[in-house]
2 protein chains.
Amino acid sequence: MSNESNVLAQIQSALPRLSKSDRKIAEVVLTDPEAATRASIAHLAQQAGVSEPSVNRFCKRLGATGYPDFKIWLARSLVSGLQYMSQVVDAEDTVDTYPTKLLDNTINALMLARENLPAPAIESAVGHLHAARRIYFFGVGTSAAVARDAEHKFFRFQTSVATHTDPLMLRMLSAGGQADDVFFFISHTGRTQVIVEAAELAATTGATVIAMTDPASPLADASHCVIGLDIPENTEDYLAMTSRIVHLVVIDMLVTGVTLKRGAEGIEHLARMKESLLPTRLPKQKKRRKT
Amino acid sequence: MSNESNVLAQIQSALPRLSKSDRKIAEVVLTDPEAATRASIAHLAQQAGVSEPSVNRFCKRLGATGYPDFKIWLARSLVSGLQYMSQVVDAEDTVDTYPTKLLDNTINALMLARENLPAPAIESAVGHLHAARRIYFFGVGTSAAVARDAEHKFFRFQTSVATHTDPLMLRMLSAGGQADDVFFFISHTGRTQVIVEAAELAATTGATVIAMTDPASPLADASHCVIGLDIPENTEDYLAMTSRIVHLVVIDMLVTGVTLKRGAEGIEHLARMKESLLPTRLPKQKKRRKT
DNA sequence: GATAATTATGTAATTAAATTTCATTCTTTT
DNA sequence: AAAAGAATGAAATTTAATTACATAATTATC
């Protein structure tokens with residue numbers, strides 16, 4: 001359970017499951033972890049408005065032997081400057097503040113994913129994708145771009161790949177699934193109707209249904225293999241969907257996994273692809289900064 | 001004097017100047033700093049064969065307020081988990097190693113971008129995009145997905161947006177640019193021929209040409225506004241392009257910037273968009289983990 | 001919807017750890 | 001070789017963290 005590295009990510013992912021005072025402590029720590037490493041247990045308790053033993057218990061629940069030990073963990077997972085609480089962009093933000101906020105949120109989401117990597121699910125998905133005769137990547141809205149990216153990457157293998165966003169196409173193709181087809185659905189919420197329906201349909205055909213989504217969602221229920229990711233809630237904040245970034249990196253993982261599974265053959269094939277791209281590039285010129 | 005960060009380097013350089021017992025302490029700490037962060041003052045003293053006050057004085061001489069503070073300094077100069085060097089996936093990697101490598105590379109790229117944010121370029125790009133009557137996002141290969149994502153995001157404003165990957169379309173549309181059009185080109189290398197040609201073409205029409213690319217590239221030279229990003233070179237490692245992730249986050253920044261520039265009107269519009277998405281979702285169900 | 005069981009939290013007592021004081025022992029200088 | 005100065009350790013003190021216990025809040029059960 002206690003992963004030792006990156007207590008901050010650990011706290012972040014535990015946040016929704018925490019009790020009232022534990023959450024108060026967690027928030028104080030996440031807001032200014034650097035300060036927390038220098039504070040005494042009394043000071044932190046006072047900051048959070050809880051008692052000292054509560055802080056102590058909080059530390060122990062995270063796997064530390066006590067408060068001083070917790071501070072060491074904290075110090076070790078600290079990256080200078082980064083904001084660990086999800087930050088919301090508001091009307092007061094300027095070009096000096098919102099870019100950093102967005103970056104920090106993204107970096108956080110990735111660090112969280114790093115802590116709770118669903119390795120077994122990835123492995124199983126890689127197996128299915130490797131064995132597939134035909135692969136469909138389906139996602140709508142923001143996830144359509146992720147699906148497109150996946151298609152583009154898997155296109156480099158000899159497998160036949162397709163992406164669609166049109167509801168009718170989705171439905172038709174899902175209904176026509178066959179034994180060695182893989183349907184890969186991408187949805188942050190797992191509650192987008194078109195996607196859920198298509199997944200349910202595909203599951204009845206004998207094809208393999210993989211979903212990258214919230215594990216507690218209708219889409220997950222309809223799927224054979226679920227890549228569940230722990231992503232800080234920002235469904236409502238449609239401006240910057242950190243989830244899609246995490247999804248893209250997971251796609252990278254799947255492509256990498258399949259390539260490795262193909263062994264020499266796969267790696268060689270990629271080398272050839274790389275070669276073929278070269279003529280489309282202009283020669284590299286001397287570095288010369290432009291303002 | 002006291003450098004706060006990197007106590008280890010500090011101790012190392014001070015080593016020859018230290019007294020007998022201080023050196024004994026220093027050696028124990030340097031031999032296994034990780035263990036030192038977990039040891040009590042009594043334990044460390046015993047390890048070094050000195051008294052507890054000696055250890056305490058050692059810490060103070062280094063600038064810490066005392067032993068516990070010193071341990072925090074030590075912990076902070078011990079970088080946990082995250083690998084800061086770009087890591088290459090090789091044939092020996094397994095599902096337990098390559099996902100983390102990919103994530104670490106991505107996180108690193110984002111942290112790098114965070115350090116060297118081209119705020120002025122972003123601001124200027126936001127200005128152009130805000131004022132534009134029509135926007136084209138052009139990218140091919142991996143960057144096509146980024147362009148698509150940008151289109152999807154900017155579509156939410158009233159401005160007309162389009163993306164194309166077909167070389168002929170690119171050329172035609174670029175040639176037909178008008179004064180209040182914005183052509184936004186995305187290319188990691190800035191050397192993709194189709195893109196460079198299209199940019200040069202567009203620049204002759206009086207339209208504004210923005211490029212998100214390597215600042216020392218033909219594409220940058222052809223553009224009016226360059227969003228130059230410092231991304232670790234991994235062009236050759238086509239499996240996982242970290243650049244596209246950074247590009248996507250920059251797109252988020254631009255959308256955010258334009259939204260903020262639009263003020264109340266923009267924010268309200270987004271609120272309406274959010275509302276309109278709700279009916280496409282199925283109701284949220286009780287959390288129920290699926291293995 | 002009330003009651004029991006469980007879990008969460010705080011107060012006070014305790015224990016552990018780190019720090020200071022002061023006496024002693026080494027160095028270094030003349 | 002003697003005296004000053006710095007370094008070190010033993011013991012006392014202080015500070016901080018932890019445990020034990022009582023109370024409050026929550027959740028489950030009937």
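So that the names make sense, note that chain A is the first sequence line, chain B the second, and so on, each numbered from 1.
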S.K.: Considering all heavy atoms of both residues, which atom of B:Thr37 and which atom of B:Lys71 are nearest to each other, and what is their separation?
M.R.: O-CD, 3.4 Å

S.K.: Could you give the CZ-to-P distance, from B:Arg17 to D:dA7, as a whole number of Å?
M.R.: 14 Å

S.K.: Just to be sure I understand the rule, does A:Val50 reach a base, reach only the sugar-phosphate, or reach nothing, if contact means heavy atoms closer than 4.0 Å?
M.R.: sugar-phosphate

S.K.: Atom CG of B:Leu44 to atom P of C:dA16: distance rounded to whole Å?
M.R.: 20 Å

S.K.: Without decimals, in angstroms, what is the distance between A:Tyr67 OH and D:dT18 C1'?
M.R.: 14 Å

S.K.: Round to the nearest Å and state the distance from B:Phe58 atom CZ to D:dT8 atom P.
M.R.: 12 Å

S.K.: Can you tell me the distance, in whole Å, between the CG atom of B:Leu18 and the C1' atom of D:dT8?
M.R.: 15 Å

S.K.: Are A:Ser54 and C:dG10 close enough that a side-chain N or O sits under 4.0 Å from OP1 or OP2?
M.R.: yes

S.K.: B:Arg23 CZ to D:dA6 P: how many Å, rounded?
M.R.: 19 Å

S.K.: Output the rounded distance in Å from CZ (A:Arg57) to P (C:dT11).
M.R.: 11 Å

S.K.: What is the distance, to the nearest angstrom, from the CD atom on B:Glu52 to the C1' atom on D:dA7?
M.R.: 17 Å

S.K.: 5'-most contact on DNA chain C: B:Asp69 or A:Lys24, nearest heavy atom basis?
M.R.: A:Lys24

S.K.: Check this for me, if you would: do B:Arg114 and A:Asp104 make a salt bridge, where the nitrogen-to-carboxylate-oxygen distance has to be below 4.0 angstrom?
M.R.: yes

S.K.: Taking OP1 and OP2 of C:dT9, is either one under 4.0 Å from a side-chain nitrogen or oxygen of A:Ser19?
M.R.: yes

S.K.: Under a 4.0 Å N-O cut-off, is there an ion pair linking B:Lys153 with B:Asp252?
M.R.: yes

S.K.: Below the 4.0 Å mark, does D:dA16 have OP1 or OP2 next to a side-chain nitrogen or oxygen of A:Ser40?
M.R.: no

S.K.: So do A:Val29 and A:Leu74 actually touch side chain to side chain, heavy atoms under 4.5 Å?
M.R.: yes

S.K.: Among C:dT9, C:dA18, D:dA17, which is the nearest nucleotide to the side chain of A:Pro68?
M.R.: D:dA17

S.K.: With nearest nucleotides of DNA chain C determined for B:Lys20 and B:Ile41 from heavy-atom distances, which residue corresponds to the more 5′ nucleotide?
M.R.: B:Ile41

S.K.: Output the single nucleotide from C:dT19, D:dT19, D:dT8 whose closest atom is nearest the side chain of A:Pro53.
M.R.: D:dT19

S.K.: Can you confirm whether B:Leu117 sits close enough to B:Met253 that some side-chain heavy atom of one is under 4.5 Å from a side-chain heavy atom of the other?
M.R.: yes

